[in-house]
Amino acid sequence: MRQIIYRLRTLPLGLALVAFVACNLISGTFVITVMYENLTVGSSNDFYYQVVDVTEEEDWEDHKDDIKDIDNVGFELWMDNNSGQAITAYLYVAPITSSLNGSSTKAAVMADGIRVFSLPLPDSEDIFIGYAESFNYVGNIQQLRNMAEEGQFKFFALSDASPVNFDIDSVKVIITVSAGK
């Protein structure tokens with residue numbers, strides 16, 4: 001009988017402890033996806049420039065204060081090489097606070113930006129790179145994760161050829177985030 005009474009007395013304490021732990025350790029992973037379409041890097045441009053901003057996305061809004069880690073940043077990409085020669089396409093990023101922008105020179109982007117993606121494009125071919133495959137081409141991932149944690153960064157697409165002439169039919173930036181209380 002004493003054991004039963006002792007167990008019943010400690011039950012509220014045990015339930016309170018379980019409730020505290022459950023409320024403070026709730027965590028999860030979510031994915032934020034941003035899609036850009038019909039980006040042309042033609043002969044009049046040295047590169048394509050875009051600000052990636054996920055801070056307006058619903059999942060970001062719901063979890064921004066609870067972000068613990070950026071697990072992965074990947075891409076899904078459709079590209080067309082219109083240059084008449086084999087080229088290598090590059091994707092560079094820069095922090096949102098960087099002075100690099102659409103008016104910068106290609107040389108400045110290459111010098112001050114962070115190259116995160118390099119992709120050989122055969123002459124006059126359409127290329128698709130899926131999310132899982134994109135990790136074969138991504139470099140400087142920790143710097144990219146750091147920028148993604150801010151929710152905004154600058155994105156530049158360029159190539160090793162001049163004049164630059166390729167199309168990005170679509171690029172999907174996929175950010176996997178761990179969040180918790």
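Here the structure is a predicted model, which is why all the values come from computation and not from measurement.
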Rounded distance (nearest 0.5 Å) linking atom [atom1] of [X] with atom [atom2] of [Y]:
X	Y	atom1	atom2	result
I174	M35	CD1	CE	9.0 Å
R115	Q143	CZ	CD	12.5 Å
N81	S159	CG	OG	8.0 Å
D126	W78	CG	CH2	7.5 Å
N165	Q85	CG	CD	9.5 Å

Quick one: are [X] and [Y] in side-chain contact, heavy atoms under 4.5 Å?
X	Y	value
D167	N82	yes
I127	F166	no
E150	I96	no
E76	F128	yes
N72	F135	yes
V109	Y49	no
T88	S118	yes
F75	I129	no

Check whether [X] and [Y] end up in the same hydrophobic cluster, where Ile, Leu, Val, Met, Phe, Trp and Tyr are linked by side-chain heavy atoms less than 4.5 Å apart.
X	Y	result
L77	I175	yes
V173	V138	yes
I141	F156	no
Y92	L119	no
V93	V177	yes

Of all the heavy-atom pairs spanning [X] and [Y], show the shortest one and how long it is.
X	Y	result
S83	I87	OG-CG2, 3.5 Å
T176	Y131	OG1-OH, 3.5 Å
A94	L100	CB-CD1, 4.0 Å
S99	S104	O-OG, 4.1 Å
F47	T105	CE2-C, 3.8 Å
A89	M79	CB-CE, 3.5 Å

- Criterion side-chain contact (heavy atoms from CB on, under 4.5 Å) on L144 and I114, from CA distance to verdict: CA-CA 8 Å; L144 182 57; I114 299 162; over 6 Å; no
- Task: Kindly say whether G102 contributes a backbone atom to a donor-acceptor pair with the side chain of K154 at under 3.5 angstrom?
- Result: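 Pair absent, no side-chain N/O of K154 close to backbone of G102.
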- Task: Classify the angle between the aromatic ring planes of Y48 and F155 as parallel (below 30°), tilted (30 to 60°) or perpendicular (above 60°).
- Result: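 Plane angle over 60°, so perpendicular.
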- Task: Describe, in one word, how the ring planes of F117 and Y137 are oriented to each other, choosing from parallel (under 30°), tilted (30 to 60°) and perpendicular (over 60°).
- Result: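 The rings of F117 and Y137 sit tilted, inter-plane angle from 30° to 60°.
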- Task: Decide if atom CD of E58 counts as having more than 12 heavy atoms of other residues, nucleotides or ligands within a radius under 6.0 Å.
- Result: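 No - once you tally the heavy atoms of other residues, nucleotides and ligands closer than 6.0 Å, there are 12 at most.
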- Task: Given side-chain contact (heavy atoms from CB on, under 4.5 Å), test L158 with D46 step by step and report yes or no.
- Result: CA-CA 7 Å; L158 51 105; D46 282 337; over 6 Å; no
- Message: Quick one, S178 with D71, criterion side-chain hydrogen bond (donor to acceptor under 3.5 Å, both in side chains). Give me CA distance, side-chain angles, the key distance, then yes/no.
- Response: CA-CA 7 Å; S178 291; D71 299 322; 2.6 Å; yes
